[in-house]
Amino acid sequence: MSAEKTPIDGSSSANTLLQLHQLLTSCSKSISGGNFSQSQTSVSKLINFLDSVSDASISELEPGAKENAFKILSGIYEFLCSPSLNQENIDALSFELPKSASKFAGVSPQCLEISDNIIHRFIEKCSPRDMLPILCEALDSPNKTVQAATYVCPLISGLSDVFISLQRRHFEQIKVAVPVVVKVVKAISTESDYEDTELETLFERIVVNALSIQTVCRKLEDGKNEKLRALLGLYVLQILALVSVSRNYLYFALRLASILPYSGISGLGLITGYSVDTMSHFVIGEDEEDCSSFSSHVYLGASLSVVWAQKHDEFAQAAKFDFDAIKTELQNNPTKRWQAVGMLKHVFASIDLPWEFKRYTVDFLLYITSGDISNKLGHNDCSLYMTSLFSSLQALTMIIIYASDTVLRKNAFEALKRVLGDIPNSQRFDILKALIKNSDSSSMVAILLDLVRGEMHRERILRTSLQKNEALEADSKTCQSTLFWSTSILELVESVLRPDTGGPPILPDNSDAVLSALNLYRFVLMTEAAGKA
């Protein structure tokens, strides 16, 4: 039988505090004495000691471990506040102690408060410019033995203090920290192991961090804060996306929404992508490496901002969105509507978002494509938007296939048909063909082939009308520009009946697609035989 661990009673707790005092004294003497090698060894022993205490208290392997951790952490703070401690000691300890102190944050709310105080003390006594990379490095080096959601809280609050304390080169220095914070919060928010209270504490710190950047912007003169305001806007959009993915927190979403107008962001600019592109130009420029660090959740957050406004009127009010005007403009302007549809792909394709957001997004799409939008196309060309339109339509097919909600599947299919109808005839066949060839679902291929057959039937009716009514002559060019009644249809049928992989299609796995392809082929033959094509 293994020996039981000795409980941490008053005597052992006193011994631990004595050991801490000895380690701190050793660090102070070696650092003040200028012995670099010895000081490194002393600091390393101190950090190892603190890590062992924090690990024991978090795992609760020993009775009284949490109380002991609080005493140890308080001892560290008292040491740092000692009037006799010189700057050389503080500078040397600042490289490692913030990370070790943050590991205690998950022990208890009291330890979280002391961890905050320790990091704040370093920021008070050290250069903010030096503390920024130290805190970023601590954020970017997670430890599996600690609770990440609470571990990062003191570090993020420390960055908020650093931002406000910076004296120059605000944009350049804050730009370094923002991607680090987003990366860490993204990793935490997509996990499901955290309690609501832990995530609420984290997002509270994140919102305050964004507000600290806004405070810095206001301190700078107009014209000198343009880049920083753009950076703030990109930051808020990314955090809004993470808030939506995590727990759908309206409270934090509203606070983030109130920051958007300060960055010069409009609702229409967000849903069309214009505002994001403008801010990215200010912040990123031509730097492709920077682009990769900022683009991950920015477009998702931009799209979700309009979805939040669709869900909650108070969000639209906080963000100062004229939501009715946005929807009207999208209904009447084909180009902006195509841009908006392209942006919505980020919501449709997200595997982390709750289905509720996709339902509201589909409803929004149905609204902006309602009415006779085909008559408003005019001579607009959507060639520039074909890639994004295809991506959105492909993501919609995934909702149709996988959504458990029958109403959502039905509405997504209706939205799919409306978006296809919003694409000029000359490009509609190409996008349908691409959807069919890139679908792994036999049932979805069958549905898309039925849509192709419907397009062919519609075109045949239009041609018949043209022959009977010369007043419709003007529409003949549009009809002639389609590829539905051409050899391309036969190639499309062949792609299903004779897949690129070689051999016949695998049955019964592809029976729906094969049956639909045969029905389409039969429709073509019968129509041709009747002389109606």
Side-chain angles (χ1 to χ4, degrees), residues 230 233-234 237-238 240-241 260 263-284 291 294-310 316 319 321-350 357-358 360-397 399 412 415-428 430-431 434-435:
L234 295 178
L237 292 177
Q238 291 179 90
L240 179 62
L260 292 176
S263 296
I265 295 174
S266 70
L268 187 62
L270 286 174
I271 195 57
T272 59
Y274 174 78
S275 290
V276 175
D277 294 339
T278 302
M279 290 187 295
S280 298
H281 175 73
F282 280 125
V283 174
I284 300 168
C291 184
F294 277 97
S295 62
S296 57
H297 273 60
V298 170
Y299 287 97
L300 176 59
S303 305
L304 283 170
S305 65
V306 178
V307 179
W308 274 102
Q310 168 97 342
F321 291 171
D322 187 343
F323 198 54
D324 290 335
I326 293 172
K327 292 190 291 188
T328 301
E329 177 65 19
L330 294 177
Q331 279 186 320
N332 294 327
N333 190 316
T335 299
K336 286 190 170 72
R337 188 165 60 247
W338 292 328
Q339 292 170 342
V341 173
M343 284 290 291
L344 295 179
K345 71 175 180 284
H346 299 285
V347 178
F348 294 142
S350 174
F357 280 99
K358 300 187 179 186
Y360 276 99
T361 307
V362 168
D363 290 343
F364 176 75
L365 182 54
L366 287 173
Y367 186 92
I368 65 174
T369 54
S370 60
D372 191 8
I373 56 175
S374 60
N375 286 336
K376 300 173 184 177
L377 287 178
H379 299 289
N380 288 279
D381 181 10
C382 73
S383 299
L384 291 174
Y385 312 106
M386 285 288 281
T387 301
S388 60
L389 287 172
F390 168 75
S391 298
S392 286
L393 289 168
Q394 192 174 40
L396 270 175
T397 64
I399 295 177
L416 177 78
K417 291 190 293 183
R418 290 190 188 182
V419 173
L420 285 169
D422 195 25
I423 298 171
N425 293 351
S426 58
Q427 293 151 331
R428 194 178 307 148
D430 292 334
I431 217 161
L435 288 170

[X]: what forms a side chain to side chain contact (heavy atoms under 4.5 Å, CB included) with it, not counting sequence neighbours?
X: Gln427; result: Asp381, Cys382, Ser383, Met386, Ile423, Pro424
X: Ser392; result: Val341, Lys345
X: Thr278; result: Tyr274, Phe282
X: Ala319; result: Ala257, Leu260, Phe315, Phe321

Quick one: side-chain hydrogen bond (donor to acceptor under 3.5 Å, both in side chains) partners of [X], sequence neighbours excluded?
X: Tyr385; answer: Gln339
X: Gln394; answer: none
X: Asp322; answer: none

To the nearest 0.5 Å, atom OH of Tyr360 lies from atom CD of Gln310 at 8.0 Å
Inter-residue atom distance Ser303.OG - Leu270.CG, 0.5 Å rounding
8.5 Å
State, with a plain yes or no, whether a side-chain heavy atom of [X] is found less than 4.5 Å away from one of [Y].
X: Val276; Y: Ile265; value: no
X: Met343; Y: Ser388; value: no
X: Leu396; Y: Leu344; value: no
X: Tyr367; Y: Leu330; value: no

Residues at least two apart in sequence or cross-chain that pass ring-ring contact (aromatic ring centres under 6.0 Å, His included) with Phe390, listed by chain then number, are none
Is the side chain of Lys358 donor-acceptor paired with the backbone N or O of Ser350 at a distance under 3.5 Å, no angle test?
yes
